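All values derive from a computational prediction rather than experimental measurement. Values below: every heavy atom of this structure, side chains too, minus hydrogens, waters and symmetry copies.
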Amino acid sequence: MPSCYLHDGLGVNRPTMPSPTTTLEVRPTATPLPAAEREQRIRNPAFGRVFTDHMVLIPYRAGPGWGGGVLQPYGPISLDPSASVLHYGQAIFEGFKAYRQPDGGIKTYRPEANAARFSASARRLAMPELPTARFVEAADALIRQDRDWVPSEVGHSLYVRPLMIATEAALGVRPASQYLFLLFASPAGLYFPKGIKPVTVWLSDEYVRAAPGGTGAAKCAGNYAASLLAQRQAEGEGCDQVVWLDAIERRYVEEMGGMNVFFVYREGGRTVLVTPEQSGSLLPGITRASILELARDLGFDAAERRVSVDEWAAAVREGRMTEAFACGTAAVVTPIGTVKSRQGTFSVHGGETGPVAAKVREVLLDIQHGRAPDRHGWMHEVWAARTAPAER
Ligand SMILES: *Cc1c(COP(=O)(O)O)cnc(C)c1O
């Protein structure tokens, strides 16, 4: 393994120890953040700026395949300037959360689903697939090591960020022969500290996020690079977020920023949650999939179908559509209050949060925080409260 993977910023060889719960080599930091400072950072985590004490690295080489992983102090990694990720963008990532449970234990939400999507993203970018067991093990090991970083307050969580980059030092345009899987974590506070507030969205008819046959269904870094200008344009129009339309007709709603979208219809006395069907260019969100299943538990109907911008405006005008909301791991559920485009502006549910969005959000948070039974088997135990005193 190249020494860069092992660099821990301390420049000394420190003893390593086997961990009882992981096949990763565990090299704990000699200088964890003092508890008082950690508590302070957990209380005020500007999203994605504060990281826990450790990270996981697993190298890959064509031939031998995935190597042994290391859990080591969080810090910079070194890359050759010719590393192919820096030129041709083979970079994918994931995001999911660990939640403190009422008994003090810790669980993650559907990590195997993230592992499966990570593999799908890897395939699309001609990158190697990390086995699900190793993906989940890496997250479990990091969360156990840094368990004191998992917040206890409701709505707070530890956001886990796995990623993979092409590290081969070579400028030839082809899939790289060397990769690095990394996983680190960041405490996350309430996405909306002042309570959920509906967003205003801009319908982008100038830029598209992804096209059929492209990489839209993969969680790859390049999709985000391609989205930033449109997001900036949306902000210039006084909006919070950009809503993406299909690349060909620029008529059908795909997603909102980095979140999937749901429309709430009243049809024949029933409440129907409609989300755009998987077009090949929208990202199949795990929150989206969860809400499709939860809808039935809540007595709603659910459907995946295309919804055009014209249909959105008409359904709201005619009272057939009562709400719209976006969903994703980071913000869970975000109501869409106002829709703006070159054609004009309209509001959904009077620009206010509707009862269906509020209910879906509450039900998801209750499952994640262990306040409601986990009927779908979505929660993955990382740290059991009852073993905590003995193991600590
Ligand atoms: C990650 C992501 C989502 C939401 O996926 P979740 O698994 O629900 O967090 C939606 N759209 C895009 C473009 C994304 O990158």
Side-chain angles (χ1 to χ4, degrees), residues 1-9 11 13 16 22-27 51 54-96 111-142 160-185 210-211 213-226 280-281 283-284:
M1 204 172 2
S3 61
C4 64
Y5 298 151
L6 303 177
H7 181 69
D8 67 0
N13 290 326
T16 62
T22 170
T23 62
L24 295 167
E25 183 188 343
V26 178
R27 312 163 145 224
F51 306 102
H54 297 88
M55 64 182 182
V56 172
L57 298 89
I58 309 177
Y60 175 94
R61 269 173 192 280
W66 291 103
V70 187
L71 189 156
Q72 66 180 46
Y74 180 88
I77 58 167
S78 62
L79 278 178
D80 193 286
S82 69
S84 58
V85 63
L86 300 177
H87 307 271
Y88 310 128
Q90 277 182 296
I92 58 172
F93 67 96
E94 272 302 328
F96 60 97
E112 296 90 355
N114 292 87
R117 188 170 65 190
F118 195 62
S119 281
S121 299
R123 284 195 295 276
R124 180 62 185 84
L125 273 82
M127 299 168 86
E129 293 176 44
L130 182 73
T132 295
R134 293 200 68 183
F135 180 100
V136 174
E137 176 195 41
D140 288 358
L142 182 82
V160 180
R161 168 54 62 90
L163 70 152
M164 190 197 330
I165 55 172
T167 51
E168 187 188 2
L171 291 181
V173 180
R174 54 173 170 71
S177 65
Q178 289 173 36
Y179 296 87
L180 182 61
F181 170 83
L182 293 132
L183 183 144
F184 58 91
T215 57
K219 212 166 171 79
C220 64
N223 290 343
Y224 277 76
S281 48
L283 198 286

Worksheet item: Run the salt bridge (charged side-chain N to carboxylate O under 4.0 Å, His left out) check on Glu94 and Lys219 step by step: do they pass?
Response: CA-CA 7 Å; Glu94 272 302 328; Lys219 212 166 171 79; 5.5 Å; no

Discussion item. Between Val85 and Tyr179, does the side-chain contact (heavy atoms from CB on, under 4.5 Å) criterion hold? Intermediate values first, please.
Written reply: CA-CA 9 Å; Val85 63; Tyr179 296 87; over 6 Å; no

Worksheet item: Can you check side-chain contact (heavy atoms from CB on, under 4.5 Å) on Tyr60 and Met127, steps first, answer last?
Response: CA-CA 10 Å; Tyr60 175 94; Met127 299 168 86; over 6 Å; no

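Looking at His54, its side chain never comes within 3.5 Å of a backbone N or O of Ala185 through a donor-acceptor pair. Under a 3.5 Å cut-off, the side chain of Asn114 and the backbone N or O of Gly95 do form a donor-acceptor pair.
With values rounded to the nearest 0.5 angstrom, Ile165 atom CD1 is found 4.0 Å from Ile77 atom CD1. Interatomic distance, CD of Gln90 versus CD1 of Ile92, reported as 9.5 Å (0.5 Å rounding). Once rounded to the nearest 0.5 Å, the distance linking CZ of Arg174 with OG of Ser84 reads 7.5 Å. Interatomic distance, CG of Leu171 versus OH of Tyr88, reported as 5.0 Å (0.5 Å rounding). Taken to the nearest 0.5 Å, the CG atom of Asp80 stands 9.5 Å off from the OG1 atom of Thr167. Rounding to the nearest 0.5 Å places CZ of Arg161 at 11.0 Å from CZ of Phe96.
Smallest separation of non-hydrogen atoms from Ala138 and Leu183: O-CD2, 4.0 Å. Here the closest heavy-atom approach between residue Phe135 and residue Pro111 is recorded as CE2-O, 3.7 Å. For Ala139 against Val160, the heavy-atom pair with the smallest separation is CB-CG1, 4.3 Å. Residues Pro59 and Gly68 approach most closely at CD-O, 3.3 Å, considering heavy atoms. Across every non-hydrogen atom of Ala218 and Asn223, the tightest pair is O-ND2, 2.8 Å. The two atoms that bring Ser177 and Glu168 nearest to each other are N-OE1, 2.7 Å, heavy atoms only.
The closest side-chain donor-acceptor pair between Thr132 and Glu112, if any, does not fall under 3.5 angstrom.
In this structure, Tyr74 and Phe51 have parallel ring planes: the angle between them is below the 30° cut-off, well short of the 60° mark.
Ser281 meets the side-chain contact (heavy atoms from CB on, under 4.5 Å) test with Ala210, Glu254, Ser279; sequence neighbours excluded.
Side-chain contact between Pro131 and Trp66 is present, with heavy atoms from C-beta onward closer than 4.5 Å. Proximity of Arg117 to Leu283: side-chain heavy atoms (C-beta onward) are separated by under 4.5 Å at one or more points.
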